[in-house]
Amino acid sequence: MTDLQHYEITICSDSVGETAEAVVKATMRQFEAQHVKTKRIGHIKHEDEIRAIMEEAANRGGFVAYTLVQPELREMMREEALRLGVRAVDIMGPMMQAFIDTFNDSPKRKPGLLHEMDEAYFKRVEAIEFAVKCDDGRDTSALLKADIVLIGVSRTSKTPLSIFLAHKGLKVTNLPLVPEVKPPKELFMLPGNRIVGLIMDPEKLLKIRTERLKAVGLPFGAKYAALERIVEELDYAQALMKQVGCPVINVTDKAIEETAGIIMGYL
């Protein structure tokens, strides 16, 4: 296998560069490339900047990934890549061309449209604030205002999943399920399709909780990380999920993005 330790991927954009970086990092996960570095350069406005970036990329021996909506900057990137023998991957260009060819339309050629402070932006901000305020069952009255209520035992990824979905503009609250604590009455006032239950294989949950105890400096003998207790909690949680009639997702070994995709599919 080629030694990848000394290479760098340069990510260029005339906006923030978040889109290109997401594509690059998704690709990197498919390879044994832990030592490959990425360098993001945003808000590129001038052709001289392209020349300097490409000269540096040529010296480092990596490649460039870019999202440039201005045609003159894209053309300069192609010319410099050819001149210097540097591979440059146009992430947005082919998609824009397909749109032009298929729908006979012209692009706005305005960088940063994804991050404009429009109605959708403020909806996302509101949703994130909602998720933070209502995390871990802090405000049970908010259950009735939520688009989605996540329920599950401790350490089944309820909080990070809430925040991820909030970034999609969904108002999400989450509720921890504990056998000794009676669920709030609001939970039973919701239709089942607004609730999602999260479960996990007991052995995986045991491992996660044991690591959690280690992280906070608690003794290993704590009931929280005992397999018998975990099975008891999961049995209770699944019985409650059946009672409220909600879909249930086993999140064992699932990435947050994958679980979120399943939930959005329900919606």
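For the atom pair CE (Met76) and CD1 (Ile53), the distance works out to 12.0 Å, reported to the nearest 0.5 Å. Taken to the nearest 0.5 Å, the CG atom of Asp14 stands 9.5 Å off from the CE atom of Met77. Here the straight-line distance linking atom OG1 of Thr210 with atom CD1 of Ile230 works out to 6.5 Å at 0.5 Å rounding. Distance CD1/Ile262 to CG/Leu267: 12.5 Å, rounded to 0.5 Å. We find the CG-CZ distance between Leu234 and Arg229 to be 10.5 Å, quoted to the nearest 0.5 Å. The line from CG of Asp135 to CZ of Phe130 is 11.5 Å long, rounded to the nearest 0.5 Å.
In the hydrophobic clustering of ILVMFWY residues, with side-chain heavy atoms under 4.5 Å counting as a link, Ile148 and Ile163 come out apart. With hydrophobic clusters built from ILVMFWY side chains whose heavy atoms lie under 4.5 angstrom apart, Val24 shares a cluster with Val89. Tracing side-chain contacts under 4.5 Å through hydrophobic residues (I, L, V, M, F, W, Y), one reaches Val244 starting from Val149; they form part of the same cluster. Both Phe63 and Ile91 belong to a single network of hydrophobic side chains, linked directly or stepwise wherever heavy atoms of I, L, V, M, F, W or Y lie under 4.5 Å apart. When hydrophobic clusters are built by joining Ile, Leu, Val, Met, Phe, Trp and Tyr residues whose side-chain heavy atoms come closer than 4.5 Å, directly or via intermediates, Val231 is not grouped with Val181.
Between Glu47 and Leu73 the shortest side-chain heavy-atom distance falls below 4.5 Å. Side-chain contact between Leu165 and Met264 is present, with at least one heavy-atom pair separated by less than 4.5 Å. The side-chain heavy atoms of Leu68 and Ile50, taken from C-beta on, include a pair separated by under 4.5 Å. For the pair Val172 and Asp147, the minimum side-chain heavy-atom distance is 4.5 Å or more. Taking 4.5 Å as the limit, every side-chain heavy atom of Glu18 sits out of range of all side-chain heavy atoms of Thr67. Taking the side chain as every heavy atom from C-beta outward, Met92 and Val69 approach each other to under 4.5 Å. Side-chain contact between Asn174 and Thr159: present, with at least one pair of heavy atoms (C-beta onward) separated by less than 4.5 Å. At a threshold of 4.5 Å between non-hydrogen side-chain atoms, the residues Lys171 and Lys145 do not count as touching.
Using modelled atom types, no side-chain atom of Asp136 and backbone atom of Pro176 make a donor-acceptor pair closer than 3.5 Å. With hydrogens and angles disregarded, no donor-acceptor distance shorter than 3.5 Å links the side chain of Arg60 to the backbone of Ile9. A distance-only check finds no donor-acceptor pair linking the side chain of Asp201 to the backbone of Thr252 [under 3.5 Å]. Put simply, the side chain of Arg194 gets close to the backbone of Ala146: a donor and an acceptor are under 3.5 Å apart. A donor-acceptor contact shorter than 3.5 Å links the side chain of Thr156 to the backbone of Val153. The backbone N or O of Glu80 sits nowhere less than 3.5 Å from a side-chain atom of Arg51 that would complete a donor-acceptor pair. Checked by atom type and distance alone, the side chain of Asn104 never pairs as donor or acceptor with a backbone atom of Ile100 at under 3.5 Å. The closest donor-acceptor contact from the side chain of Lys158 to the backbone of Thr173 lies at 3.5 Å or more, if one exists at all.
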- prompt: So Lys123 and Glu126, salt bridge (charged side-chain N to carboxylate O under 4.0 Å, His left out) or not? Walk me through it.
  reply: CA-CA 5 Å; Lys123 184 180 179 182; Glu126 184 182 358; over 6 Å; no

- request: Might you work through the side chain to side chain contact (heavy atoms under 4.5 Å, CB included) test for Leu198 and Ile151, ending with a clear yes or no?
  value: CA-CA 6 Å; Leu198 305 176; Ile151 60 174; over 6 Å; no

Full working for salt bridge (charged side-chain N to carboxylate O under 4.0 Å, His left out) between Lys39 and Glu8: CA-CA 7 Å; Lys39 179 181 181 180; Glu8 180 177 84; 5.1 Å; no

task: List the steps and the verdict of salt bridge (charged side-chain N to carboxylate O under 4.0 Å, His left out) for Lys45 and Glu49.
output: CA-CA 7 Å; Lys45 303 297 181 190; Glu49 294 175 78; over 6 Å; no

field: Criterion side chain to side chain contact (heavy atoms under 4.5 Å, CB included) on Ile199 and Leu205, from CA distance to verdict
entry: CA-CA 9 Å; Ile199 62 168; Leu205 192 52; over 6 Å; no

- prompt: Should Leu175 and Leu150 be marked as a side chain to side chain contact (heavy atoms under 4.5 Å, CB included) after you check the CA-CA gap, both sets of side-chain angles, and the distance that decides it?
  reply: CA-CA 6 Å; Leu175 185 69; Leu150 302 176; over 6 Å; no

query: Under the side chain to side chain contact (heavy atoms under 4.5 Å, CB included) criterion, do Lys185 and Thr140 qualify, and how do the steps go?
result: CA-CA 9 Å; Lys185 63 182 185 300; Thr140 56; over 6 Å; no

- request: Show the numbers, then the answer: is there a side chain to side chain donor-acceptor pair (under 3.5 Å) between Asp101 and Gln97?
  value: CA-CA 6 Å; Asp101 295 342; Gln97 193 60 51; 3.0 Å; yes

task: May I have the step-by-step check of salt bridge (charged side-chain N to carboxylate O under 4.0 Å, His left out) for Glu211 and Lys207, ending in yes or no?
output: CA-CA 6 Å; Glu211 289 300 317; Lys207 184 177 179 182; over 6 Å; no

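The shortest non-hydrogen separation linking Ala20 to Ile11 is CB-CG2, 3.5 Å. Taking all atoms of both residues into account, the shortest heavy-atom contact from Ala127 to Gly169 is CB-C, 3.8 Å. The shortest heavy-atom contact between Ala58 and Leu84 is CB-CB, 4.2 Å. Leu187 and Leu143 get closest at one heavy-atom pair: N-CD1, 4.0 Å. Summarising the geometry of Cys246 relative to Gly197, their closest heavy-atom pair is SG-N, 3.7 Å, with the distance given to 0.1 Å. A pairwise comparison of heavy atoms in Ser162 and Ala131 identifies O-CB, 4.2 Å as the closest pair.
Between the side chains of Ser13 and Tyr66, no donor N or O sits under 3.5 Å from an acceptor N or O.
Cation-pi geometry between Arg209 and Tyr224 is met: the NZ or CZ atom falls under 6.0 Å from the ring centre, inside 45° of the normal.
For Glu228, the CD atom is loosely surrounded, since the number of other residues' heavy atoms within 6.0 Å does not exceed 12.
Here the options are Val251, Asn250, Asp253, the test is side-chain contact (heavy atoms from CB on, under 4.5 Å), and the partner is Lys204; only Asp253 passes.
Checked for salt-bridge contact, Glu129 and Lys133 miss the test: no charged N lies under 4.0 Å from a carboxylate O. Ion pairing between a basic and an acidic side chain is recognised when a charged N comes within 4.0 Å of a carboxylate O; Glu232 and Lys223 show no such pairing.
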